[in-house]
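Computed over heavy atoms, backbone and side chain alike; hydrogens, waters and symmetry mates excluded.
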Amino acid sequence: SSGINAEYGDLQKSNTECLNLKSTVEEYSVTIENYNRNQKKLEATIRDLNAELEGGRNSHELEKIRRKLESENEELRVQMDELEIAISTSESKNTKLTLEIANIRNSYERQLADADEEGDKAR
C-alpha cells in the first residue's frame, strides 16, 4: 500500500512538472513570436535607413542609428536561438516525463491489480 501511495505521488509530481513544462513552452513560443515581430520592424527600419543613406542625408547620424538597430536585431536573433533551444529542451523533458508517467501509471495499475487479487484470495 505504501508502494502504491509512493507511485501515485510520483505520478502526480510528474504530471505537475509536465504541465509546468507545457506552460513554459507556450510562454517561450509567445516570446519568440514577439521577437519575430520586433525583428521584422527593425529590419524594415534598417531598410528605410539604408534607403536614406543612399540618398546621402545625415549619413553619419543615420549610420550610427543603423549600426545600433543592427546590433539590437542581432541580440534578438541570439535570444530567439536561445529560446528555441530552451523550447526543444522543454519538449524533450516533457516527452521523457510523459513516458515516465505512463510507466508509473502502469506500475501503479499492476500493483492495484495484484492487491485486488490478493484481496480476492484472502476472501
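When all heavy atoms are compared, the tightest approach of Asn94 to Leu21 is N-CD1, 3.7 Å. Across all non-hydrogen atoms, the minimal contact from Glu7 to Ile104 is O-CG2, 3.1 Å. Across Ile32 and Glu84, no two heavy atoms sit closer than the pair CD1-CG, 3.5 Å.
Separating the CG atom in Asp81 from the CD atom in Gln79 is a distance of 10.0 Å, to the nearest 0.5 Å. Within the model, atoms OH of Tyr35 and CD of Glu75 stand 10.0 Å from one another, a figure rounded to the nearest 0.5 Å. Atom CD in Glu27 sits 10.0 Å away from atom OG in Ser90 (nearest 0.5 Å). Note: Tyr28 OH to Glu33 CD = 15.5 Å, rounded to the nearest 0.5 Å. Rounding to the nearest 0.5 angstrom, the gap separating the CG atom in Asn103 from the OG1 atom in Thr98 is 11.0 Å. The distance from the CG atom of Asp10 to the CG atom of Asn15 is 11.0 Å, given to the nearest 0.5 Å.
By the 4.0 Å N-to-carboxylate-O rule, Glu74 lies close enough to Arg77 to be salt-bridged with it. In this structure, Lys96 does not pair ionically with Glu100, as no charged nitrogen and carboxylate oxygen lie closer than 4.0 Å. Of the charged side-chain nitrogens involved, at least one lies within less than 4.0 Å of a carboxylate oxygen, so that Arg66 and Glu70 count as a salt-bridged pair.
Residues Arg67 and Lys64 form a side-chain contact, since some pair of their non-hydrogen atoms from C-beta on lies under 4.5 Å apart. Using a 4.5 Å heavy-atom threshold, the side chains of Asp120 and Glu117 count as separate. Within the 4.5 Å cutoff, the side chain of Ile65 has no heavy atoms near those of the Lys68 side chain.
Formation of a donor-acceptor pair under 3.5 Å by the Thr89 side chain with backbone atoms of Ile85 is found in this model. Using a distance-only test at 3.5 Å, with no hydrogens or angles considered, no donor-acceptor pair links the side chain of Ser23 to the main chain of Leu19.
Judged purely by distance below 3.5 Å, without hydrogens or angles, the side chains of Asn34 and Arg37 pair a donor atom with an acceptor atom.
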Start with the C-alpha gap between Ile87 and Glu91, add the side-chain angles, then the distance that decides, and say whether side chain to side chain contact (heavy atoms under 4.5 Å, CB included) holds. CA-CA 6 Å; Ile87 284 175; Glu91 288 173 340; 3.6 Å; yes
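Cluster membership check: Met80 shares its hydrophobic cluster with Leu42, using side-chain heavy-atom separations under 4.5 Å among Ile, Leu, Val, Met, Phe, Trp and Tyr. Leu11 and Leu97 fall into different hydrophobic clusters, where Ile, Leu, Val, Met, Phe, Trp and Tyr side chains are chained together by heavy-atom contacts under 4.5 Å.
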